[in-house]
Trainee: 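Take this structure first; my questions come after.
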Amino acid sequence: MGLKGFMEEAYGGQGRVRKLATRRGSQVVSVEDLADRLGPRPSRAEVAELAPAEGLLRLIESPPAQKRGAVIWGYLTSLAAEQSASPICVPAGDWAGLEMAGGRLILQPGLRPPSHVGERMKGGRISMLVAGEYLGQEMHGGGIVCSACSGFAFRNMRGGFGVVKGNAADHLGVGNAGGRILVRGSAGARAGWLMRLGRLVILGDCADYLGLRQSGGEILVRGAAGCRAGLQRRGGRLVAGAVGAEAGDVSIRCI
Amino acid sequence: MDFSVSSRFIAPARDGADSLSAKISSLARSLEELRLHVGPADLVLGDLRMNAQLAFCLANSCLRNRAVLLYGGIGANKTTLINLLGSSFLGSSFSAMENLMVTGHPEQTEEKVVGFIDPRQWTSPSRGPLEVIWSPWASSRWKLINEINRFPTGKQNLFLEILQKRKLTYAGQVIEPGDTCYFATMNPEFSSTYPMDEALMDRISACVPAVQPDFLSGLTLSKREEEVGELAEHLPRFSQEEFEALPLAVAEVALDSATELAIVSLVREMTVCERAPNRDKTQLSDSRPSRGLCAGCHYFNNPEVCCWQVDQGLSDRVRQDLRSFTRAMSFLAKGKDGSKMEVLRAVAPYVLWHRLTPNRSVLERPPYYGADRLAFVSDLVARSIDRTVHERGEANLIFSRAVDKEISPAQAREELSQFDDPLVQLDYLPALERLLRPDL
C-alpha cells in the first residue's frame, strides 16, 4: 500500500475538511499571555484585536503583578467598561481606564494609589478614592471623580472634567488646553502652570506659583494663593481670595 | 514504500486468545473480590472503565521488554500489586516474588543486583571459564525494581543497560533470561530519594500514578482479614504456555491506519522545533522552550500547537510504546477489531507524561496549578489527536500524493505552504524539498 492509500484509509475519505489555520489569541488565559504576544508598548487596537470576546472580566479581576502587563490591563478595563451596560468594579491598578471611550469604571482601593488612571480617556466615568500620579493625563473627554490625587493630575488635559473631593498635590492641571477641574480641598504648588484653555476651580487654598505663565483659560481660587501667583502670566483669567508675596497680575476678590 | 499495517507474528488461535483475555479478566475480578487491589476506575477505554494502575500492570504482563513505573506515595499498593500479578502470571508464591525483587538504597551495588564472580573458583585447582553467580532477579523474567529513585543517580545508570533488554552482562559473562516483564515503583521526592535521569525515564514505557484508596475502597479494604500472602493463593494461575502466549495474543491486535497516523503525528508534534538543531527538540541541551527558546517564535503561545508547551522531544521508543500499549489495552478490553483511537487517547498520556517537562507558564495556570502534569499532558494529547483526525486530513493527502508521485513535489509544496502547522512546515515541506533536490 502506498502512502496515499494509507492516508485515505486513515481518513476514510473524510480528510478533505478544512485547512489548518493557526488561530492566534483564541485562548487567552491571562494578561501575561497578551503581553507575550503584543510586546511592551501595544496600541489599544492591537489589544482589542486579541482580547477575548468572553471572559474579559475574569482577565481584569486583578491587576498584573508584573509591570509589563499593566498597560494591557488598563486597555482591558476600558474595553470591559465600554462593553458593559452597568458599571464595572475592578481593583485599583495603574493605567485603569486607559483611552476609555465610554461606560463606567469604579476602582476599589488597593495597597497603593494607582497612577495613570484615565489617561487619554475620551468618554465615560471613573470613580475612585485616592489617585496616584498622572491622573487623567491628556484626557479628551469623560469624567473622573476621586477623593484625592497625587502630582501631575490632569496634565495636558484637552476636555472632559475632573473632580477632586479632597486635596490635590503639586502640578495640578499643568499645560491644560481644555476641560474643567474642580478641587474641593486645597491644591499644591504650580497649579494651572502653562494653562492655555479650560477651567480650574479650587475651593480651598493653593500653594505657590499658581497660574505660572498662564496664557488662557480660567483659574478660580476661593481661598488664598501662595507666593508668586500669576507670575509671567500672558492671558486668561486668574482670581483668588488672597495672594502671597511677589504676585503677578491677579484679580483679588472674594469668590 | 509499503505503508500497509500488518503483523509479522504468528498469532495464536482465536479461541486461545479469547480464553487468555477471559482469564486476565478473571484475575482482575479476583483481585477486587479478594480485596487485594481496589481502586477507582479512572481509565476510560470507550465504554469500558478500568483502574489505570491495574490495567497498565496487566497490559505490561501481556507485553515483553516494556517497563511500567508505578508512581505514588507510600502504601499505595504498588509493590504488592506487582508481586501479586507476578505470582499469578509466573505461577509461583507471593513470598517467592517478594524475594525476587530488588529495592533501591544507596548501598545497592551491581554485585548485589545482577550477580558476582564466584570467589571459590580462585582457589579451585581446575582452571575453567570465569563463572558468575547470577542473582535470582537477573535470571528472572519478571523484574521488579522497587523504589527506583532511592538508587543514587549514578547507580541508576545500571538500569539504562538492563531495562527493555533480553539479556544481562557482567564481567564479560552474559545471561539470557529471555523476554522479560519490567516493573518499577517510585515515591515522589522525599528526603532520601534521588532525581531520576531523563534517559532512564525514557526507557520507562508507561508511568501510572498509584493513588491512595478512596473512602469506599478504604471501607472495602477494612473487611480484609487474611494476610496478602494467603489470599494470593486464591488468585488464578497462568501456566507457562499461557504466559508465553500472551504477547502473541496481543500482537494479533491490529492497529488501524488512523491510529497509526495519530501516533506518529503525536510524537512528531512534540518533537519538531523550528529553532532546534535538525529541527529536533531531542537535540537541545541548555536552551529549552521554558528558558526562552521560543520567544518571538511564530507558534509560541498558540494553544493549539504543542511544540512550545513541552521542553523535551520524544524518542522513537515512545512510538513503539504507544503502539504496544494501545494493542495490549485493546486486548484487555476485548476490542481486537475496529478503531483503536479511543484506546490511544486513554493510553497516550500515561506513556508521555513522565517523559515531558511542561512549560511552567502554562502548567502553573488553572486547572493544573503547577501540579497536575498528567492532566496537562492528557489535554495536549487530546488536542494533537483531534488535530490529526479533524484538521490534518487535507495536508496529509496532498503530502501522500506527492510521495506517491501522483502530483509533483513542487505543486505539493505550493499547496502545503498555505498550511500553518508545525508538522507541515517542519516535516512535510523539508521532505518535499529533498524530493525536489536530492542533493540536499
Side-chain angles (χ1 to χ4, degrees), chain A residues 1-42 46-69 71-73 76, chain B residues 1-6 255-262 264-265 294-305 308 339 341 361-362 364-367 383 387-407 415-416 418-425 431:
Chain A
M1 190 198 299
L3 184 57
K4 186 191 164 202
F6 172 80
M7 291 292 185
E8 285 187 335
E9 189 180 297
Y11 286 104
Q14 297 176 358
R16 298 169 186 82
V17 275
R18 50 186 163 130
K19 286 190 175 182
L20 294 171
T22 303
R23 296 203 298 270
R24 292 175 76 85
S26 57
Q27 282 188 24
V28 175
V29 294
S30 72
V31 175
E32 281 77 13
D33 280 350
L34 286 172
D36 286 338
R37 297 182 197 186
L38 292 167
R41 299 183 70 83
E46 286 170 336
V47 175
E49 190 184 346
L50 285 189
E54 294 174 2
L56 196 54
L57 287 177
R58 187 182 53 77
L59 275 184
I60 58 170
E61 272 174 356
S62 60
Q66 294 173 344
K67 201 174 176 182
R68 66 187 184 120
V71 170
I72 295 169
W73 182 81
L76 292 176
Chain B
M1 280 181 280
D2 185 15
F3 291 91
S4 56
V5 181
S6 62
L255 292 184
D256 53 294
S257 303
T259 308
E260 293 273 17
L261 182 65
V264 178
S265 301
C294 306
C297 175
H298 175 54
Y299 298 114
F300 181 56
N301 252 332
N302 184 336
E304 293 176 21
V305 177
W308 66 273
S339 174
M341 197 66 86
S361 67
V362 192
E364 280 171 3
R365 293 173 194 158
R383 225 171 288 154
R387 194 158 180 152
T388 300
V389 171
H390 300 301
E391 299 195 19
R392 283 206 175 99
E394 192 178 348
N396 281 335
L397 286 168
I398 293 171
F399 179 63
S400 60
R401 285 171 67 201
V403 171
D404 287 352
K405 297 186 172 58
E406 274 192 24
I407 58 173
E415 289 182 31
L416 285 178
Q418 296 171 27
F419 291 84
D420 191 4
D421 178 81
L423 269 195
V424 174
Q425 296 293 326

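Below, chain A is the first sequence line, B the second, and so on; all start at residue 1.
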Trainee: What's the separation between atom OH in Tyr11(A) and atom CG in Asn396(B), rounded to the nearest 0.5 Å?
Mentor: 4.0 Å
Trainee: To check you understand the geometry: which heavy-atom pair defines the closest contact between Lys4(A) and Asp404(B), and what is its length?
Mentor: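 Scanning both residues, the minimum pair turns out to be N-OD2, 2.7 Å.
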Trainee: CG/Leu261(B) to CE/Met7(A) distance, rounded to the nearest 0.5 angstrom?
Mentor: 5.0 Å
Trainee: So, using salt bridge (Lys or Arg N to Asp or Glu O under 4.0 Å) as the criterion, who are the partners of Glu46(A) when residues are at least two apart?
Mentor: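 Partners of Glu46(A) by the salt bridge (Lys or Arg N to Asp or Glu O under 4.0 Å) criterion come out as none, since no residue qualifies.
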Trainee: Does atom CD of Glu49(A) have more than 12 heavy-atom neighbours, drawn from other residues, nucleotides or ligands, at distances under 6.0 Å?
Mentor: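 Result for CD/Glu49(A): open.
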Trainee: Using the test side-chain hydrogen bond (donor to acceptor under 3.5 Å, both in side chains), find all partners of Ser400(B) that sit at least two apart in sequence or belong to another chain.
Mentor: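 Counting only residues at least two positions away or on another chain, Ser400(B) forms no side-chain hydrogen bond (donor to acceptor under 3.5 Å, both in side chains).
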Trainee: What's the shortest heavy-atom distance between Ala258(B) and Ala10(A), and which atoms?
Mentor: CB-O, 3.4 Å
Trainee: Under a 4.5 Å heavy-atom cut-off, does chain A meet the side chain of Thr259(B), its backbone, both or neither?
Mentor: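 Contact with chain A is absent: no heavy atom of Thr259(B) under 4.5 Å.
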